[in-house]
> 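Just passing along the structure, written as structure tokens.
Counting starts at 1 for both ligands and their atoms, following the listed order. Just so it is clear, the values below take in all heavy atoms, side chains as well, and ignore hydrogens, waters and symmetry mates.
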Amino acid sequence: MSHSPASGPSLEGTEIVDSVIDLIGSTPLVRMKRISELEGIECTLAMKHEVTNPGGSSKDRPALEMILAAEASGELQPGGTIVEPTSGNTGVGLAIVAAQRGYKCVFVMTDKVAPEKIDLLKAYGAEVVVCPVAVEPDDPQSYYSVAERLTNELGAFRPNQYHNPHNPTAHVKTTGPELWRQTAGRITHFVAGAGTCGSITGVGRYLKSMNPDVKIIAADPEGSVFSGGSGRPYLVEGVGEDFFPAAWEPELLDDIIAISDEESFKTARYVSEAEGILIGGSGGMAVAAAIKVAKQAKPDDIVVVFNPDSGRGYLSRIFNDDWMANFGFLVECDQCVGAVLDTRNASIENLLYVNPDQLVSEAISMMRTNGVSQLPVCKNTPPFAAAEVSGAVDELELMEAIHRDPGVMSTPVEKVMGPKLPTIGVGQKVELAIEMLETAPALLVLSGGRPLSVLTRTDVLAYFGAVADAAVES
Ligand code: PMP
């Protein structure tokens, strides 16, 4: 059966659009009045609310543009397959357009992505392949390698959003003109997170072509290369990179503001509660940067912040108190894990660790010098990201291993290390630490999403001792 409107009765005079594809774009611009009041912002701060796209994110726009271009060039043939590594939003956009136009979709993503995003793509009929985040890009298991292999095996079209020029073009053609029209040409600042850089570059190109004085400001997760980081991991999804995508055009950018995971997540919660606009972590990151920009702006300025998607995709993380507390983003009580660490001997370094390539002999000497019986194994140097913890070494286990084979002394710790220590947030209850220490010899304490210290039974006992002493003294 044909769904072409030509085959049915005339719809002239009705407001029925032809398909869901026609609902992509034309998203609203909404003033952030409550946040402006709370923050003492005098200029107009408005949000480009991309959630009203049919797939719930800004990525519907480049998804459509990339598919139309591939159809036009013949890269995508009727009934063909689309393969793309994507953190979710681009996948939804592609899946929607593919459903309408009769293509199959296979999406490849890392295990860092929130589980509900995976289910969402499956709901549109797509196939999802999940790969480990903790491997190098050239590892055959990496999501880049898997996507490459599947593209070849299936003879599929790979939109390649990181390199596809039609990604920024979508925003040159649609988002930019919408913003110009919606602000009556009065927009002075545009603030957005950058992932593939499609949004910031596309909008930046258009707005600068209309008025070169419009300021284009990128918000970037701390650690990402756009703000000068080395590409070390962070928790905010969908933004920041460890490489420079094709659409990265720094000459368009007037400023790049680095925002921590903690500030991004807290701002997402703050905006959701204060404005009644449920936003995700990358939206929170963009708003955190936009608040800083708006505070410096003149009263007549119009600062627009780009909100790519909804907080609904992050309910089990940013909006889940247990998850937030476990990463040390929330303080649940006064007398919490942080208080135990505070009573500890200040001469002991807060976080003792070994690198994966250090020798077992070095780990043992560090444990002996510092009187500790386990060490986390972490890549790089502090401050570490939670994802840079790869395991732990334990005195007892090392002793047994060396007993079996004395050669173990001169092997790298990564060859003999055990699993990671269980984690607890710096703001979680001491009772939880006690419960967890019944089965684990030590816990890794996280603060602001980063490893802060290792907590053991001795630490908790010392803390109770100090509390009892204080009670006697008072
Ligand atoms: N936020 C989220 C949640 C995203 O999925 C993306 C796209 N990866 C972005 C922000 C960044 O947009 P862009 O890729 O256009 O730079």
Side-chain angles (χ1 to χ4, degrees), residues 25 27 47-51 53 55-66 84-95 107 109-110 112-114 116-118 120-121 143 159-176 190-206 216-221 224-227 234-250 252-253 256 259 261 264-265 267-268 278-290 305-314 317-318:
T27 57
M47 177 187 279
K48 182 69 167 158
H49 195 47
E50 289 290 293
V51 179
N53 280 302
S57 92
S58 55
K59 301 302 259 189
D60 289 1
R61 298 174 189 263
L64 175 60
E65 189 68 23
M66 292 188 296
E84 182 75 342
T86 162
S87 68
N89 284 332
T90 303
V92 173
L94 290 170
F107 297 119
M109 62 188 69
T110 69
K112 187 178 107 171
V113 168
E116 53 264 48
K117 283 193 172 182
I118 297 172
L120 180 63
L121 286 169
Y143 81 127
N160 211 341
Q161 57 169 335
Y162 286 96
H163 298 279
N164 193 324
H166 301 286
N167 170 9
T169 300
H171 296 283
V172 176
K173 283 189 179 172
T174 66
T175 323
F190 177 71
V191 186
T196 66
C197 298
S199 330
I200 192 129
T201 294
V203 172
R205 276 188 209 156
Y206 182 84
I216 306 296
I217 298 130
D220 195 42
S224 153
V225 291
F226 304 139
S227 52
Y234 43 83
L235 293 163
V236 176
E237 292 175 42
V239 277
E241 290 303 339
D242 54 5
F243 69 101
F244 292 96
W248 164 247
E249 280 179 31
L252 285 173
L253 304 178
I256 303 167
I259 305 285
D261 283 334
S264 301
F265 293 164
T267 308
L278 188 66
I279 67 171
S282 69
M285 180 193 72
V287 174
V305 58
F306 192 66
N307 176 46
D309 72 354
S310 162
R312 283 220 179 201
Y314 311 90
R317 296 190 174 189
I318 307 170

> Does some non-hydrogen atom of G280 fall short of 4.0 Å from ligand 1?
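No, G280 has no heavy atom closer than 4.0 Å to ligand 1.
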> Report yes if A194 has an N/O atom closer than 3.5 Å to an N/O atom of ligand 1; otherwise report no.
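The answer is no, given that A194 and ligand 1 share no N or O pair closer than 3.5 Å.
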> Can you say whether the rings of W248 and F226 are parallel (under 30°), tilted (30 to 60°) or perpendicular (over 60°)?
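If you compare the ring of W248 with that of F226, the planes turn out parallel.
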> Side chains of K117 and Y314 only: does a donor on one sit below 3.5 Å from an acceptor on the other?
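Checked: K117/Y314 side chains pair up, N/O donor to acceptor below 3.5 Å.
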> Would you kindly specify which portion of S282 sits under 4.0 Å from ligand 1, judged on non-hydrogen atoms: side chain, backbone, both or neither?
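Side chain only.
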> Look only at interatomic distance and state if N89 has a nitrogen or oxygen under 3.5 Å from any nitrogen or oxygen of ligand 1.
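Between N89 and ligand 1 (N or O atoms, distance only) the closest approach is under 3.5 Å.
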> Which option out of G195, G238, S310 puts a heavy atom nearest to atom 4 (C) of ligand 1?
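When every heavy atom of G195, G238, S310 is considered, G238 comes closest to atom 4 (C) of ligand 1.
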> Looking only at heavy atoms, is any part of K59 under 4.0 Å from ligand 1, and if so is it the side chain, the backbone, or both, or is it neither?
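Side chain only.
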> Do any N/O atoms on D309 end up under 3.5 angstrom from N/O atoms on ligand 1?
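Such a contact does not occur with ligand 1.
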> Partners of Y162 by ring pair (Phe, Tyr, Trp, His ring centres under 6.0 Å), sequence neighbours excluded?
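Counting only residues at least two positions away or on another chain, Y162 forms a ring pair (Phe, Tyr, Trp, His ring centres under 6.0 Å) with F243.
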> According to ring pair (Phe, Tyr, Trp, His ring centres under 6.0 Å), who are the partners of F107, at least two apart in sequence or on a separate chain?
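F107 satisfies ring pair (Phe, Tyr, Trp, His ring centres under 6.0 Å) with no other residue.
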> When you compare ligand 1 with K117, is there at least one nitrogen or oxygen pair between them that comes in under 3.5 angstrom?
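No, since none of the N or O atoms of K117 sits under 3.5 Å from an N or O of ligand 1.
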